Amino acid sequence: MMPAMRLSYVVCLTLLNLIIVICCEACNTTEYDVDGVCCLMCTPGHRVLKHCGKNSGTVCRLCTGSTYTDVPNGLTACLSCTVCDEGNGLRVKNKCSYNSDALCEPLPGHYCILTHGESCRKAREHSTCLPGQYIYQTGTALKDTVCKDCSEETYSNGSLMNCEPHTNCESLEQITVTWGTPSSDAVCTHKPSGPHLGLIIGVLLSLILLIVILSVLLCKNTRKFNIL
């Protein structure tokens, strides 16, 4: 092939490739495609009322009611606002507006188990520690409560941050009525004191002596009546 013809061939091939690229080029980031025509997107908070034409631009309309769009778009309908349902353990953190969706967060005493971006879609109530356990980590909006079992010689009813040691009744000079368990403390009672015990014994002996004396006197009186 002659140099002139080769040059013409290269130029034609280059022009053909350029035409193909131009024809097949996608719309830019601020446009959307409608039957091969690139239309300008609507701004956040709006949706498309009428697509653009060869001699007209895109017609947009503001989102109303409980609807929104939060990015430039070519949508013909606005998106429905998220409902923060108490049945799913949620409450409203940020209200929905025409250009942003509602943000939900867990109710007090709940933690999120399903997220969507910065919003929580479902929450669950914090776990309650059982008797014999203590709260190792308090529940947050993102994490459940963490419980751990009490060690030996300690107890908790499930609401304590640390297990308490069982009361040592002997160290208090008392008697153990009930031994401590992982969920309850020991129960103590006072020991009977020496003087108190002596007083009880003295009263009992006095009563016995009195009964004996009365019995003897009763017997003597009975004999006198029998003699007469």
Side-chain angles (χ1 to χ4, degrees), residues 21-22 24-150 155-164 183:
V21 169
I22 292 174
C24 298
E25 185 178 5
C27 300
N28 64 41
T29 55
T30 63
E31 298 174 329
Y32 67 99
D33 181 272
V34 179
D35 298 328
V37 178
C38 290
C39 293
L40 188 66
M41 290 184 176
C42 294
T43 57
H46 298 76
R47 53 96 175 178
V48 175
L49 178 63
K50 185 178 180 181
H51 298 300
C52 70
K54 292 183 179 180
N55 300 316
S56 61
T58 306
V59 179
C60 302
R61 173 165 288 184
L62 186 70
C63 294
T64 58
S66 298
T67 63
Y68 76 100
T69 57
D70 56 356
V71 293
N73 67 90
L75 301 174
T76 56
C78 297
L79 304 174
S80 296
C81 294
T82 297
V83 177
C84 302
D85 185 12
E86 289 189 8
N88 287 325
L90 302 174
R91 67 179 181 182
V92 177
K93 182 178 181 181
N94 291 333
K95 292 182 178 180
C96 184
S97 66
Y98 71 98
N99 61 357
S100 63
D101 193 12
L103 289 182
C104 307
E105 65 180 359
L107 289 167
H110 292 68
Y111 69 102
C112 191
I113 60 174
L114 180 63
T115 59
H116 181 76
E118 298 179 4
S119 185
C120 182
R121 290 296 174 86
K122 190 173 183 180
R124 181 178 295 163
E125 192 171 1
H126 288 144
S127 298
T128 302
C129 295
L130 301 173
Q133 297 180 325
Y134 69 99
I135 302 172
Y136 179 70
Q137 288 182 352
T138 304
T140 66
L142 298 176
K143 293 183 179 180
D144 192 12
T145 303
V146 179
C147 305
K148 284 195 173 182
D149 295 332
C150 291
Y155 74 98
S156 170
N157 61 6
S159 65
L160 304 178
M161 298 298 296
N162 294 287
C163 294
E164 298 288 342
S183 60

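This is a predicted model, so every value here is computed, not measured.
A distance-only check finds a donor-acceptor pair linking the side chain of T58 to the backbone of L40 [under 3.5 Å]. Panel note: side chain T115, backbone G117; no donor-acceptor pair is recorded below 3.5 Å. T69 places a side-chain N or O within donor-acceptor distance of the main-chain N or O of H46, the cut-off being under 3.5 Å. Within the 3.5 Å criterion, the main-chain N or O of G87 finds a donor-acceptor partner in the side chain of D85. Of the possible donor and acceptor atoms, none in the side chain of D101 sits under 3.5 Å from a partner among the backbone N and O of S80. Side-chain atoms of T76 never come within 3.5 Å of backbone atoms of V48 as a donor-acceptor pair (strictly under, hydrogens ignored). Counting only distance, with no hydrogens or angles, the side chain of D144 and the backbone of S127 share a donor-acceptor pair below 3.5 Å.
Atom OG of S183 sits about 8.5 Å away from atom CG of N157, to the nearest 0.5 Å. For the atom pair T67 OG1 and L62 CG, the distance stands at 8.0 Å (nearest 0.5 Å). Rounding to the nearest 0.5 Å gives a distance of 5.5 Å between OG1 of T82 and OH of Y68. Interatomic distance, SG of C42 versus CZ of R61, reported as 11.5 Å (0.5 Å rounding). Distance CG/L79 to CG/D70: 7.0 Å, rounded to 0.5 Å.
At least one side-chain heavy atom of I135 sits less than 4.5 Å from a side-chain heavy atom of M161. S156 places none of its side-chain heavy atoms less than 4.5 Å from the side chain of P131.
Heavy-atom contacts from other residues, nucleotides or ligands closer than 6.0 Å to CD of E118 number 12 or fewer. Around CZ of R121, the count of heavy atoms belonging to other residues, nucleotides or ligands within 6.0 Å exceeds 12.
Sulfur atoms SG of C150 and C163 are positioned under 2.5 Å apart. By the SG-distance test at 2.5 Å, a disulfide connects C78 to C63.
Between C52 and V37, the shortest heavy-atom contact is SG-CG1, 3.9 Å. What you find for D35 and D33 is that their closest heavy atoms are N-OD1, 3.6 Å. Considering every non-hydrogen atom in both C104 and L90, the closest pair reads CB-CD1, 4.2 Å. Contact record, M41 with G74: CG-N, 4.4 Å, taken as the closest heavy-atom pair. The two residues R47 and N73 come nearest to each other via the heavy atoms CA-OD1, 4.0 Å. Taking both residues in full, the closest heavy atoms of P106 and A141 are given as CG-O, 3.5 Å, listed atom of the first, atom of the second, then distance.
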CA sep, side-chain torsions, deciding dist, call: C129, T145, side-chain contact (heavy atoms from CB on, under 4.5 Å): CA-CA 8 Å; C129 295; T145 303; 4.2 Å; yes
Audit row: C39, C27, disulfide bond (SG atoms under 2.5 Å apart) steps and yes/no: CA-CA 8 Å; C39 293; C27 300; over 6 Å; no
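Ring pair Y111/H126 is parallel by interplanar angle, where below 30° counts as parallel and above 60° as perpendicular.
The existence of a salt bridge linking R91 and E86 is excluded, since no basic side-chain nitrogen approaches an acidic carboxylate oxygen closer than 4.0 Å.
Between H116 and S119, the side chains place no donor N or O within less than 3.5 Å of an acceptor N or O (distance only, hydrogens not considered).
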